[in-house]
Each structure stands twice: as C-alpha cells, then as structure tokens.
2 protein chains.
Amino acid sequence: MTAYNKISRHLIAVDCIIFGYDIIEKEIKLLLIQRRFEPAKGKWSLSGGFVEESESLENAAKRILFDLTGLKNVFLSQSYTYGDVQRDPGARVVSTAYFSLIKIKDINNKVKKISHAQWCPLSKLPELIFDHNKMVKDALKELRNQVKVKPVGFELLPEKFTLVQFQELYEAIYQKPIDRRNFRKKILSMNILEKLEEKEKITSRRGAYYYHFIPDRYKTLRENGYFFELDFSK
Amino acid sequence: MTAYNKISRHLIAVDCIIFGYDIIEKEIKLLLIQRRFEPAKGKWSLSGGFVEESESLENAAKRILFDLTGLKNVFLSQSYTYGDVQRDPGARVVSTAYFSLIKIKDINNKVKKISHAQWCPLSKLPELIFDHNKMVKDALKELRNQVKVKPVGFELLPEKFTLVQFQELYEAIYQKPIDRRNFRKKILSMNILEKLEEKEKITSRRGAYYYHFIPDRYKTLRENGYFFELDFSK
DNA sequence: CCAAAAGTGTTCGAATTACACCCATGA
DNA sequence: TCATGGGTGTAATTCGAACACTTTTGG
C-alpha cells in the first residue's frame, strides 16, 4: 500500500474551447452549449465534463469532444488549468482547459440537431458560466501564439481554399487587416501550399485559384515550427 | 445539493520546478529533493505536494515553495498539467507543474541545512521520478519563451550585477554564446537598467560597472511584454 | 609593462513594411 | 462595357548578425 491515504480528493473537469472558422462570415466561432444541469442550468458554457478514474486528461478531452461532435483526431492542445477554490460555486472543481480547432462544416448538420449547442461568433460571446470567459480569452491568446509558429490554418479551412480565404482566416484570428501582397509573398514562400487548376467562382466573376496544403511539407512544419526563434543566437 | 455526486475524485498534486542561477559557476540550477516516502523513496524529484481541499492550485504551489525555501512572493508560473493515468505508479495522480525563479543566495544557507535538498546544475540532472524529467524539459522551454518576452533576469540575479553577468545568465538559459556588443546594445536600449557608480572588482583588474533594474520600468515591461509581436500587423 | 577582462561602432544582408495598378470575367 | 474582386512588384526601412580594436588597472 502507498502513503497516499487520507489525502483530499478532488473533482477534475476538462473544458473544451472549440474554435471553428466560418469561411462565409469570416469569423472565428466558438461551439457553446447550454447547461442542462445545476448549478447554472440554462446558461451558456463551454463543453466540459468530469475526468474519470481511468482516463487521462487528454482522453477525457477527446471523449467530451467526440460526444459532442462525433469527431476524432481533431487538433487538441492543453491551454491552462484553473484551480481556484471558488471557481465553480457548486463544488470545488479543478478544470483543465483544452482548445481544439475544427472545420465547422464537418459537424454543421450534427450541431444543428443538438438543440442545446450553438456556434457563436467570438465577437458576440455571451456571458458564460464560472470562469469560462477567461478560459476563452486565454485560449484565444494561445491560439494566436500557436498560429505564429505552426501552420494551424489547415485545421480550420476546408480541403481546398483560396488565398483570399486563407488571409481572411488570419485576419479573423488577429482581428487586424493584413496587406494582401505581403501575406501572399510570405505564405507562398513557405512552400506549404499547392495551387490547383480549379477556381472558386462564387465570390467573384474572375474567380480565384484554389490551393491546398501539401501534406508532407505541412507535417514537417507542424512538428518543427516554421518561424525561427528570435533570440541572441550565434 | 448539486449534481456532483458519484463522480470520480482524484488526487491532485503540484510540482515545482525551482530554477536558480549560480552567478559564480554561470549555470542554471534546479532545486531537487530526495523523496522520503514510497513510491520511489530515495530517488530525486521535484518538490511537490498534494493540493488540499480548500486551497487553490497556485496557493498549493506557494505553500510547497514556502515550506522548502521559506520564501514568499517569488516568481511563479504555471506550466503544464500532467494527467496520464499511469504517470505515478503509486496511484492515479494528476499533477500541475509550476516553475519558479529564485536567487540561490536567498536560500543558500537554508538549503544547506536540509539534507534531502540540493541544487543541481541543469547539465547534470539525474534521473528523476515519474515524469519529472519531462516536467523540467517543458518548464525550461517555457522559461526560454518567457525570457524572450519578459525581463525575467531580475528574479535570478542579485540586487546589483554587471552587464557581463547579465549576459552570462542569458547564455546559461539558452546554452549559447551571445555577442557582447549586440547584447549590450539591445539590453541598454530597453531602458530597464541603471548604471551605478560602483564597480565589481573581483573578476577583473579594471572592474565592471554594476547595474540594477529600474523598478518602475521593469514592472511596466513585465506586465506588457517587451518584444513586440511578430505578426502581420498593419 | 603586460595580462586579462571591460567596453565600444559600424557595416552588411535579410526581412518587413508600405504602397498602386492591371487583369479577368459575367452580367 | 463596366463593376467587382483577384492578382502582382518594387523601393524604403528596420532589424539582427558579424566583426576587432582600445581601455583600464593590479601585479
């Protein structure tokens, strides 16, 4: 037997900040749910759940994500663990937040069928329960950081997309306009994109070429990061 | 009553990665302890402990740090939460790691009296229990990231220090040589340092001027960050 | 006077930014 | 033919990297 007796045990939750990108409305959206139990029943919140005895934190996050969206193998990244005693008025719950990136289209039909779930634009976030607004804020900061270092766009865009759409995604993430020529120059110089024959002809008469990610190159960059360190190296 | 019944409860630990800088040996060191209980009794580990019913994660970390070092108000930053089921062979324990920066001198005498605690150079880390080596690795990465954005040196250096010493700290953190002129140019341009009249005359005949942090300026930069974003801003 | 460490500027190349006009097409 | 959005290049600037000699002083 171990020395781990008589020690406080705690409820551990995992909350998922689920980001999606709406390519039409050019907005980052968050998948929210309406709580079906007390405390705070009826209020909007992140999708979360308790960690079970024999599952890792990460698996708990995957389970919660799967239960809501039916998706597996989605991008998932731990952001922060919230441990204030009073953060959940119902009980002392420590919660680890994970953020994930998914393509809205992948689950649009499913979400529409779930009456208590809804995509909500970042700009119109309602008040969420507990410290969930803070979680979103922190995760967004984290997302912005990761975007700088990893070619994260892949997770949020459809299979093929135009450079204009790609740029709009970045503008949505940073909430800032970006110079078109500079953006293209930079992105194309990374050699992660391949131009396709096909054009997107919905938004303009002229049409814009579709691109897609080059999987190999994309994976390499994902793993190694693609901006180089800014430090005093020699 | 809430709906929080019948849900698994878990042991939650906090582990502290305590970094110190040895200005003489020019090395980052880690404060390690030798475990006094099973499992893994006698092996080296980070300083950790269980989170109690009515303390926040952060307060748990502060408590653990205080018990070991007697210090309060030290730099403390959450790094990551480790939640694999098997990470601690004794029991299922979820552990949140915090890293802290302290001046070795502040607690040198105290540490010497604690037989089971020891400063260990990063370069000579022994095998630690459980996933503690990974925790150190992650925390070091985090430290390197933070150093880029925050003037963290203050926490690790004595009240007054020379520019050479300041540079040596950065070299120790990055494990890379840095060009002296470029380093000075950059650091001085931040206006966080004030040159003192006094010189350090131990390591050279000529002597090197002491500097110290300008508290106001330092605080501002700590809070706002001092490298500006590298992004597609306009 | 000399060994040893402190201190100091300039040049070069790369990367980022700013900026404006032509192109293709369907209606 | 024209309105709409797509596509393209260049010049100016900034920033980081490389680099070597002079100064000080105790022994």
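Just so we're on the same page: letters track the sequence lines, and every chain starts at 1.
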* What integer distance in Å separates A/Y209:OH from C/dC23:P? -> 15 Å

Tabulate protein N/O versus nucleotide N/O from nucleotides 9-12 of chain C, keeping only pairs under 3.5 Å, one per line.
from   : atom 1 : to     : atom 2 : distance (Å)
C/dT10 : O4     : B/K185 : NZ     : 3.0

* Check: B/Y210 ring centroid to B/F161 ring centroid under 6.0 Å -> no

* **Working for salt bridge (Lys or Arg N to Asp or Glu O under 4.0 Å), residues A/E127 and A/K43** => CA-CA 8 Å; A/E127 192 196 332; A/K43 285 190 74 177; 3.6 Å; yes

* **Nearest-angstrom distance from the residue atom CZ of A/F166 to C1' of D/dG6** => 17 Å

* To do: Send over the distance from B/R184 CZ to D/dG16 P, rounded to a whole Å.
  => 19 Å

* To do: Starting at atom CZ of B/F183, determine the distance to atom C1' of C/dG7, rounded to an integer number of angstrom.
  => 14 Å

* To do: Carefully, step by step, assess A/S77 and A/E142 under the rule side chain to side chain donor-acceptor pair (under 3.5 Å).
  => CA-CA 9 Å; A/S77 175; A/E142 184 66 20; 5.0 Å; no

* Might you confirm whether atom CZ of A/F75 has over 12 heavy atoms from other residues, nucleotides or ligands at distances under 6.0 Å? => yes

* Asked: Are side-chain heavy atoms of B/N191 and B/I214 found at a separation under 4.5 Å?
  -> no

* **Atom pair distance, as rounded to whole Å: OH in B/Y210 and P in C/dG7** => 12 Å

* C/dA5 C1' sits how many Å from B/R206 CZ, rounded? -> 8 Å

* **Residues within residues 195-203 of chain B bordering DNA chain D, heavy-atom distance below 4.0 Å** => B/K201

* Structure fact -> Checking A/E171, A/Q165, A/E168 against A/K26 for side-chain hydrogen bond (donor to acceptor under 3.5 Å, both in side chains), the one that qualifies is A/E168

* To do: Name the residue closer to the 5' end of DNA chain C, choosing between A/R180 and A/S204 according to the nucleotide with the nearest heavy atom.
  => A/R180

* B/L163 CG - C/dA6 P separation (whole Å) -> 10 Å

* Test the B/K103-B/F154 pair against the cation-pi criterion, namely NZ or CZ under 6.0 angstrom from the six-membered ring centroid and within 45° of the ring axis. => yes

* Asked: Sub-3.5 Å donor-acceptor pair from the side chain of A/K201 to the main-chain atoms of A/R205, do we have one?
  -> yes

* Row check, A/Y98 ring normal vs A/K62 NZ/CZ: under 6.0 Å, within 45° -> no

* To do: With DNA chain D as reference, determine whether A/T162 or A/R205 sits nearer its 5' end, using the nearest nucleotide of each.
  => A/R205

